[in-house]
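Following: one structure in structure tokens, then a few remarks.
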Amino acid sequence: MPKITLPDGSLRSYDEPTTPAAVAADIGPGLAKAALGARIDGTLCDLATVINEDVELGLVTAKTREGDVDEDALFLIRHSCAHVMAEAIQAVFPGTELVYGPPVENGFYYDMAFPDGRSISTEDFEAIEAEMKRIIKEDRPFCRYGMPAGDGLEKLRSEGSKYKVDNAERAIEAGSDELTWYATGEPGKDWEDLCRGPHVPSTGRIGAFKIMTLASSYWHGDENSDRLTRVYGTAFADKKQLKQHIHRLEEARKRDHRVLGKQLKLFTIDEMVGQGLVLWTPNGAMVRHQLQEFISEELTRQGYNQVFTPHIGKLDLYRTSGHFPYYQDSQYTPIIDRAKLHELAEEGCSCGDLANLMNEGEIDGYLLKPMNCPHHIRIFASEQRSYRDLPIRLSEFGTVYRWEQSGEIGGMTRVRGFTQDDAHLFCREDQVAEEVQGCLSIVKLIFGTLGMEDYRVRVGLRDPDSSKYVGDPANWDRAEQACRDAAATLGVPFTEEPGEAAFYGPKIDFVVRDVIGREWQLGTVQVDYNLPERFDLEYIGADNQRHRPVMIHRAPFGSMERFIGVLIEHFAGAFPCWLAPEQVRVLPISEKSADYADEVLAKLKAGGVRATIDHGADRIQAKVKVAADMKVPYLAVVGPRDAESRMVSVRAFGVDRNLGEVPLDDFVTEVTAEMNSRGATRLLDRFETPSE
RNA sequence: GCCACCGUAGCUCAGUGGUAGAGCACACCCUUGGUAAGGGUGAGGUCACGGGUUCAAGUCCCGUUGGUGGCUCCA
């Protein structure tokens, strides 16, 4: 006699076991028709799930009662669409083995193994989609049936799919005593897939779908295992939502930093120079310069000392730090003396021998630095240090080089040479908490000034069951607490992730999303008990004994490349005035105002404003359009009227009208004030502007 | 590195085996116009690179290189 509580609090009683579908039908035919699935005590289920006890029941429809897209509905639709796609692909490519097909953010995928020699191309999408449409039109029910684990495994083995057997074995290992299948139609007759569900009631409920792209993947994510083909698709409740999704992808593309980087001439990447090596063109270099200046000023205020170190260092340095032996795969190969190479070649030394000689330290060479810390450590070690000197905070915009796999490189977010906003703090154990805290205050300030609130924070803690960590557990506890406390002060969501600490210390990471939804790690703050040990660092304590300092690595914005890449997207290329490469463009109405326009330009430049002038023969409409294309924050339009009254007519990026006339001197003063205050005061505040 | 797609003028792109195109940008001329593109003329290409098939290749095939999406990895 199940009693069912609905989301509005109302109660329905049944004399015998029922299903969400039946409850929906009781409530009304509209709901029965719209329901795609159910939430039973919060768990997403099929509409056909039998209810034989008291539960809280919610029915899943395409839209929530507030009218938003229901994420659970999308999950059901996409998961179901993955089945339909798999069936269609098997129909078009007989012999294809299925591996795993889950819904993911923005869609779904299905990993599959094509029969020998067959491969799928985007040209096949049309045929597959046609087959999918046919299956959807047939509106076949998704029918679930189960079997005891042993019998189910037997069935799968007899069918001969090693991947599905593997999936089942994993499910059983995880504690399932039953395996379930979903047939698209009649079990035993129609297509089916091992699946725990849930699904929409029938194929016809998949409103709109599209196969998006192909990728390769590895079985279990292991590159030494089978290579699989991954087919990505997406599905929505209706065509309109699908269309909106595709439109959003197109819009996102417009603010992609790679597109804007070209359009606004911020940077270029030249295949002649090398993959993943960013050339900062003047506009981008100016943005970077302004940002570095901002960061540097704050670091000075916080007691950091700036240093400069070279781009290479001896191999032995990185043997000591551990970078060379442990992270060889992601380094450029070492630089070895030419004469030495000739000599070895004459002795018949092979490449393998050479690698061994380097690994064993028999020959030395130089490494393009993969990290800045060893250099900074040697600066610390260059003098005897007293406890009174600590903390010592050495900062550098330090350029490092890493060998990333070619398929990974892209734009400014993943590159092979990049400049970190790096610093290393050397402190006493009792100073760790305060120093970690200090590292975060700059993050707050800079993210705050830039209006970047959309980031998340991960606190990486040690895995309590592992012994791989170096350092004293009591110190670890304190350092972990310091990281937690510091993260809490940021006022953004943070997660604690046990097991995610480095072996040498706990850390705090900052993660942001780019315009196409990919997550990127920006900065990090890491406590390190390992390197001071490896380099035998010490200071003299108040007790006149030698002590080991603790190191903190911190690069809160990660790299200038990645950070500015993300920043370009954050502002959609429209930088605030203080960061913009070109802050003001002077636009004379005609040649008659050329002299006055030149005077305006000269005054702006004298005030330190990055201003240009457009003396072209175009009409003012064209000049405004061209300046808007470059997203110049302020336009100073000057014509005979302005010259007469010694004013400029102001127009601001993003405001589609002439804001009005401002006396020339006021204009210069206010733009300068805006620049110098990094946007704390704005010229725009002078006008009544419509809210953006 | 793996899979798929792509690389044509400075930029964005059209061109599906038969004499390389458009818009914007650029140069010159006309226009001197008050807030998101006035008009004309012109210059600009080893169709990423290397090989092959063909009477004929931007177009088809192979290789290389670079880009994009994804996988994997990430101090």
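Each chain gets a letter, A, B and so on, in the order its sequence line appears, and its residues count up from 1.
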If the [atom1] atom of [N] is compared with that of [M], how far apart are they to the nearest Å?
N     : M     : atom1 : answer
B:G23 : B:A9  : P     : 16 Å
B:C62 : B:A57 : C1'   : 15 Å
B:G45 : B:G15 : C1'   : 14 Å
B:G7  : B:U12 : C1'   : 14 Å
B:C24 : B:G40 : P     : 10 Å
B:U54 : B:G69 : P     : 40 Å
B:G21 : B:G58 : P     : 13 Å

Checking all strands, does [X] fall into the base, sugar-phosphate, or nothing category for heavy-atom contacts under 4.0 angstrom?
X      : answer
A:Y109 : nothing
A:G411 : sugar-phosphate
A:I269 : nothing
A:G410 : sugar-phosphate
A:R253 : nothing
A:T229 : nothing
A:R414 : base

Check: A:H311 ring centre within less than 6.0 Å of A:Y401 ring centre:
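Under 6.0 Å, so yes.
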
Which nucleotide in [options] has an atom nearest any side-chain atom of [X]:
X      : options            : answer
A:T122 : B:G70, B:G66, B:A4 : B:A4
A:E404 : B:A4, B:U65, B:C73 : B:C73
A:A215 : B:A4, B:C2, B:C3   : B:C3

Using atom [atom1] of [X] as one end and atom [atom2] of [N] as the other, report the distance to the nearest whole Å.
X      : N     : atom1 : atom2 : answer
A:K210 : B:G69 : NZ    : C1'   : 14 Å
A:Y110 : B:C71 : OH    : P     : 18 Å
A:R458 : B:C74 : CZ    : C1'   : 11 Å
A:I211 : B:C5  : CD1   : P     : 14 Å
A:I120 : B:A4  : CD1   : C1'   : 10 Å
A:E271 : B:U68 : CD    : P     : 12 Å
A:D270 : B:U65 : CG    : P     : 17 Å

Report yes if some heavy atom in the side chain of A:P370 is under 4.5 Å from a heavy atom in the side chain of A:Y327; otherwise report no.
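Contact flag for A:P370/A:Y327 side chains = no.
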
Might you work through the salt bridge (Lys or Arg N to Asp or Glu O under 4.0 Å) test for A:K162 and A:D166, ending with a clear yes or no?
CA-CA 6 Å; A:K162 69 168 178 176; A:D166 176 76; over 6 Å; no

Pair listing, salt bridge (charged side-chain N to carboxylate O under 4.0 Å, His left out) test, anchored in residues 262-283 of chain A, at least two apart
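Output for this query is empty, none listed.
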
Side chains of [X] and [Y]: is there a donor and an acceptor less than 3.5 Å apart?
X      : Y      : value
A:E123 : A:S121 : no
A:D111 : A:Y163 : no
A:E569 : A:H257 : yes

Do other residues, nucleotides or ligands put more than 12 heavy atoms under 6.0 Å from A:E519 CD?
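Enclosed.
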
Under a 3.5 Å limit for both distances, which nucleotide forms a Watson-Crick or G-U wobble pair with [N], could you say?
N     : value
B:C26 : B:G42
B:G34 : none
B:A57 : none
B:G21 : B:C13
B:C5  : B:G67

Comparing A:R416 and A:Y504 on RNA chain B - which has the more 5′ nearest nucleotide
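This one resolves to A:R416.
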
Reading RNA chain B from 5' onward, which residue's closest nucleotide shows up sooner: A:K262 or A:E223?
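The residue mapped nearer the 5' terminus is A:K262.
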
Over all heavy atoms of both residues, which pair between A:V632 and A:F653 is shortest? Give the atoms and the distance, please.
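Closest pair (atom of A:V632, atom of A:F653, distance): O-CB, 3.4 Å.
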
Might you point out which heavy atoms bring A:A487 and A:L440 nearest each other, and give the distance in Å?
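Result for this residue pair: N-CD1, 3.7 Å.
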
Would you indicate, yes or no, if [N] has its OP1 or OP2 atom less than 4.0 angstrom from a side-chain nitrogen or oxygen of [X]?
X      : N     : answer
A:S216 : B:G70 : no
A:S121 : B:C5  : yes
A:K265 : B:C11 : no
A:R562 : B:C74 : no
A:Q263 : B:C11 : no

With sugar-phosphate taken as primed atoms, P, OP1 and OP2 and all else as base, the protein-contact string of nucleotides 29-37 of chain B at under 4.0 Å (heavy atoms; B, S, -) is --BBBBBBB

